[in-house]
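Everything on this sheet refers to the single structure shown next.
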Number of protein chains: 2
Amino acid sequence: MYNQLKLDNQLCFRLYTASRLITQAYRPLLEPLGLTYPQYLVLMVLWENDHQLVSDISKRLVLESNTITPLLQRMESEGLVVRTKGTADKRQTLVSLSRKGIALQEQAKDIPDCITAAFSDCAPSQEESRVLVQTLDSIIKYLKNSD
Amino acid sequence: MYNQLKLDNQLCFRLYTASRLITQAYRPLLEPLGLTYPQYLVLMVLWENDHQLVSDISKRLVLESNTITPLLQRMESEGLVVRTKGTADKRQTLVSLSRKGIALQEQAKDIPDCITAAFSDCAPSQEESRVLVQTLDSIIKYLKNSD
DNA sequence: TTAATATATATCGCTCGCGACACAAATGTT
DNA sequence: AACATTTGTGTCGCGAGCGATATATATTAA
């Protein structure tokens, strides 16, 4: 038995599981708004700055067009965003919030605090949190550019 | 603008992105073996202990039957595992490695070291690693039981 | 024993995530 | 100008994840 093939030794498995479980924790909060977690991510990007290109959102969320485009199409058919063809460069697609998409921000504003509260029992300390965020950022930064 | 709705403040987004990027790093190593990452996880579980019930694998990987069953069915059609109906309890399904599934362990044994090597440039220090693993385990343990 | 309930696994339908590839518009080259 | 190349986005197909629900078997209650 190769010891390095033990599941318990795998960092990736932990990230994969933690990511799924936290996303599940968001679900009851997002479902009343009719949102999935990736859709919520897109909205967060647009709430920060409305009217962004597909490529901007793509870079920000580290997702390719083959994931983003169908996601945005679903969001458009839900009436959350509007996609318009670029004027200067006609290959581009500009994504803007609809009235409904803007309005959702108000309803979503308590979600982060709800999540934080839900985690109060297992919340990492400030120091652990700092290390966690820093380590993840370092991994992401490294892997993002290694293509 | 609600500050807590900023993407940069979201731990979950970091976990989600890091998880996806690391899974992508596994891809070129797993593809020659004809495996996806979740399939590799199932094999790791069975390499540790062959002949496990669907429920055992389910618990170990923190995945429900509606994810595990189709995954195992695909693996069975690839000839990696064999699924047999339980004898004592006929509701159960026992999952066993095929000859091919056993043989793959030999080919996969270097994957963890390859991943570690690929990360040498951004690898967390021993201390960071310890905090990361410990924090993730704490989050996983907490969320696993909060259903 | 029979009926009610619980449990193990499976099925269905949807959204993602992604490799492979298509396509049009922009840019560079000759 | 004419052609080749690059770029921005989209399409297609498949394998996850997962909520909702189905099915068969096991267990418990009456």
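Proteins get letters first, then strands, A, B, ... in listed order; numbering begins at 1 in each. Hydrogens, waters and symmetry mates play no part in the numbers below; they use all other heavy atoms, side chains included.
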Pairwise 5' ranking along DNA chain D for A:T69 and A:T23, keeping only the more 5' one: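 It is A:T69, whose closest nucleotide lies nearer the 5' terminus.
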Kindly indicate whether the side chain of A:N66 and the base of C:dG17 share any N or O donor-acceptor pair separated by less than 3.5 Å?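 No such pair is found, so the answer is no.
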Is the shortest side-chain N/O distance from [X] to OP1 or OP2 of [N] below 4.0 Å?
X	N	value
A:Q92	C:dA26	no
A:R74	C:dC16	yes
A:R91	C:dC23	no
B:Q73	C:dT11	yes
B:S55	C:dT9	yes
B:S65	C:dT9	no

Shortest non-hydrogen separation from A:A118 to B:Y142 and the atoms involved: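 For A:A118 versus B:Y142, the nearest heavy atoms are O-OH, 3.0 Å.
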Heavy-atom closest pair, residues B:K90 and B:T87: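 Looking at all heavy atoms of both residues, the shortest contact is CG-O, 4.2 Å.
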Please name the residue in the list A:V42, A:V95, A:V45 that meets the side chain to side chain contact (heavy atoms under 4.5 Å, CB included) test with A:Q52.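 It is A:V45; the other options fail the test.
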Would you call the rings of A:Y16 and B:Y37 parallel, tilted or perpendicular if under 30° counts as parallel and over 60° as perpendicular?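 Because their plane-to-plane angle is over 60°, the rings of A:Y16 and B:Y37 count as perpendicular.
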For [X] and [N], what is the distance between atoms [atom1] and [atom2] respectively, to the nearest whole Å?
X	N	atom1	atom2	result
A:E31	C:dC14	CD	P	16 Å
A:R27	C:dC14	CZ	C1'	12 Å
A:L63	C:dC16	CG	C1'	9 Å
B:D89	C:dA6	CG	C1'	12 Å

Evaluate the side-chain proximity of A:Q24 to A:R27: yes if any heavy-atom separation is below 4.5 Å, no if none is.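 Of all side-chain heavy-atom pairs linking A:Q24 with A:R27, at least one is under 4.5 Å.
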Given a cutoff of under 4.5 Å between side-chain heavy atoms of I, L, V, M, F, W and Y, with clusters grown through shared members, what are the other residues clustered with A:V82?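 None, because no other hydrophobic side chain comes under 4.5 Å of this residue.
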What is the first contacted nucleotide of DNA chain D and what is the last, in 5' to 3' order, if contact means an atom lying under 4.0 angstrom from a heavy atom of chain A?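 Contacts span D:dT7 to D:dG19, reading 5' to 3'.
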Spatial distance of atom CG (A:L80) from atom CG (A:L104) [nearest 0.5 Å]: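 Result: 6.0 Å between the selected atoms.
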Which residue lies more 5' along DNA chain C, comparing B:R20 with B:D56 via nearest heavy atoms: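 Closest to the 5' end, via its nearest nucleotide, is B:D56.
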